[in-house]
Amino acid sequence: MSAATTSVRTELTQKARAFPVALLRAGGLVSTALGLVLLLLALRGHADRVWRAYHFNFLFWVGIAQALVALAATQKVAKGHWAGLIIRFAEAAVAFLFVALVLFVGLFVGRQYLFATLPHDRPQVGFWFGTTFFFLRNWGILALLAWVSWRFVRNDMRADIVELASGTPAVDDPATKGFASRDASFVLLAWAFGHTLLAFDMVVSLSPHWMSNLYGAFYFMGNFLGALMALAVLGLWLRRSMGLESLVSGKQIHDLGKLAFGFTVFWGYLMWAQFLVIWYGNIPEETYFIFYRLWGPWRAVGTAVFLMVFLIPFIGLLGVKPKRSPWWFTTMALVSLGGIWLERYLEVIPALTGSAGPTLGIPELGALLFFGGLFTLSYAWFAGRYPMISPRLAADTLGREHGH
């Protein structure tokens, strides 16, 4: 190993310890506490809205966290090298998946406001929507995904933990890289199948007479788009706070921007593919779900989702310069994430409120702060125990970027 490479590796090892854990922990505690207070205050007079807000925020935050781990897994399967400096920022979301196993109990507690109609509206499905099997099945899916994801992340970090402890540069051997690709494949398969089932159980089942074979893919690929945007926000903020400006280059940001732009287009394609088939078939059991969310009192929310998830990021990320601009890319990523959050709201709430229109207030804000705070706390917990930069993967990225 040359002196220059050793110097870069030493710098990367130091940067791996520079994560702002205290700041994230403090912000997470404040957000969680404030959100919990707002939820408890709203629980007195608006218990239905509290549990409904809890439900769609659970779907949003768990979906983003799992998709972040899946995003890291795609880099292993595809043998990508451009994301070596920021891949751990995605893997760190694995900590929230275990918090989600506890948060899922809240859905059981509030089931009378969320899933009360399931056994009655579809008696022909027998035990499938029975309370016990319904909750055990979905908790089991989340538990399996958390275990598979942690196994993947733990194995990917193993060499980095040894390197930071010993100070001796770690080198990937072929067997280790093979295991990483294998574990990544398991993560992607479990994520696609698992979140398809969750999508049908947690969203489609709330509208008992509606069905879309495409919705499962639309749901988990929407989460993947959210993960790309979340990684952009995290990466660009941490790039500055961890002193990585000279290492996380414009080329790497541009690569992430191209992925974000591409999956924005793909989200639009899936939405159009789903809408076109339903419109062309013109079957009342299918059209009512779309019609109710794009016309009448929900039209403003439906329009906002289309603008924020597709049109604004599509226009805003056209070309090279917008993708390379940290502040502009961050703005577009936050707009997209806000749109995906509204999309989960639009998918869940109209099915539970009947003819009532949208209402955003204290319960919805409280749930957003509560879940966002717990996500931040779990992220800080991970960062306080494990290296947030992989020196070997980062060195590989920098070496390839500079032709070494």
Indicate the ring-plane relationship of [X] and [Y], choosing parallel, tilted or perpendicular according to the 30° and 60° boundaries.
X: Trp150; Y: Phe382; value: perpendicular
X: Phe220; Y: Trp191; value: perpendicular
X: His55; Y: Phe115; value: perpendicular

Any salt bridge linking Arg239 with Glu245? Criterion: basic side-chain nitrogen under 4.0 Å from a carboxylate oxygen.
no
Are Lys323 and Asp255 ion-paired here, with the side-chain N under 4.0 Å from a carboxylate O?
no
Test of ring centre spacing under 6.0 Å for [X] and [Y]:
X: Phe261; Y: Phe314; result: yes
X: Phe224; Y: Phe263; result: yes
X: Tyr54; Y: Trp51; result: yes
X: Trp128; Y: Phe134; result: no

Between [X] and [Y] (side chain of the first, backbone of the second, donor and acceptor by atom type, cut-off under 3.5 Å), is there such a pair?
X: Arg88; Y: Pro387; result: yes
X: Thr32; Y: Leu374; result: yes
X: Gln252; Y: Leu247; result: yes
X: Arg111; Y: Ala116; result: no

Asp160 and Arg392: CA distance, side-chain angles, deciding distance, side-chain contact (heavy atoms from CB on, under 4.5 Å) verdict:
CA-CA 7 Å; Asp160 303 321; Arg392 61 194 168 83; 2.8 Å; yes
Once you round to the nearest 0.5 Å, how far does [atom1] of [X] lie from [atom2] of [Y]?
X: Leu368; Y: Ser31; atom1: CG; atom2: OG; answer: 7.5 Å
X: Leu270; Y: Gln274; atom1: CG; atom2: CD; answer: 8.5 Å
X: Ile312; Y: Thr264; atom1: CD1; atom2: OG1; answer: 11.5 Å
X: Ile64; Y: Leu225; atom1: CD1; atom2: CG; answer: 8.0 Å
X: Met308; Y: Thr303; atom1: CE; atom2: OG1; answer: 12.5 Å
X: Asp201; Y: Ile141; atom1: CG; atom2: CD1; answer: 6.5 Å

Take a 6.0 Å sphere around [atom1] of [X] and say whether it holds more than 12 heavy atoms from other residues, nucleotides or ligands.
X: Arg385; atom1: CZ; result: yes
X: Tyr269; atom1: OH; result: no
X: Arg154; atom1: CZ; result: yes
X: Leu294; atom1: CG; result: yes
X: Phe193; atom1: CZ; result: no
X: His254; atom1: NE2; result: yes

Any chance the side chains of [X] and [Y] put a donor and an acceptor closer than 3.5 Å?
X: Tyr215; Y: Glu347; value: yes
X: Trp82; Y: Gln75; value: yes
X: Trp147; Y: Ser149; value: no
X: Asn155; Y: Arg182; value: no

Does any non-hydrogen side-chain atom of [Y] lie less than 4.5 Å from one of [X]?
X: Tyr113; Y: Leu352; result: no
X: Leu238; Y: Pro20; result: yes
X: Trp267; Y: Phe218; result: yes
X: Leu34; Y: Phe370; result: no
X: Phe329; Y: Pro322; result: no
X: Phe306; Y: Met271; result: yes
X: Ile87; Y: Lys76; result: yes
X: Phe96; Y: Tyr379; result: no

Candidate pair Trp341 and Leu59, rule side-chain contact (heavy atoms from CB on, under 4.5 Å), full reasoning
CA-CA 9 Å; Trp341 184 81; Leu59 292 173; over 6 Å; no
List the steps, then state whether side-chain contact (heavy atoms from CB on, under 4.5 Å) holds for Trp139 with Leu101.
CA-CA 7 Å; Trp139 188 89; Leu101 297 179; 3.8 Å; yes
Could you report the tightest heavy-atom contact between [X] and [Y], atom names first, then the distance?
X: Pro313; Y: Leu307; value: CD-O, 3.7 Å
X: Leu236; Y: Pro326; value: CD1-O, 3.5 Å
X: Leu24; Y: Thr376; value: O-CG2, 3.2 Å
X: Asn57; Y: Ala367; value: ND2-CB, 3.4 Å
X: Ala65; Y: Ala93; value: O-CB, 3.7 Å
X: Ala304; Y: Leu342; value: CB-CD1, 4.1 Å

Please walk me through it: do Asp156 and Leu393 pass side-chain contact (heavy atoms from CB on, under 4.5 Å)?
CA-CA 10 Å; Asp156 193 42; Leu393 297 177; 4.0 Å; yes
Side chain to side chain donor-acceptor pair (under 3.5 Å) between Trp328 and Thr330: does it pass, once the steps are laid out?
CA-CA 5 Å; Trp328 182 256; Thr330 300; over 6 Å; no
Residue among Met202, Glu343, His195 satisfying side-chain contact (heavy atoms from CB on, under 4.5 Å) with Tyr219:
His195
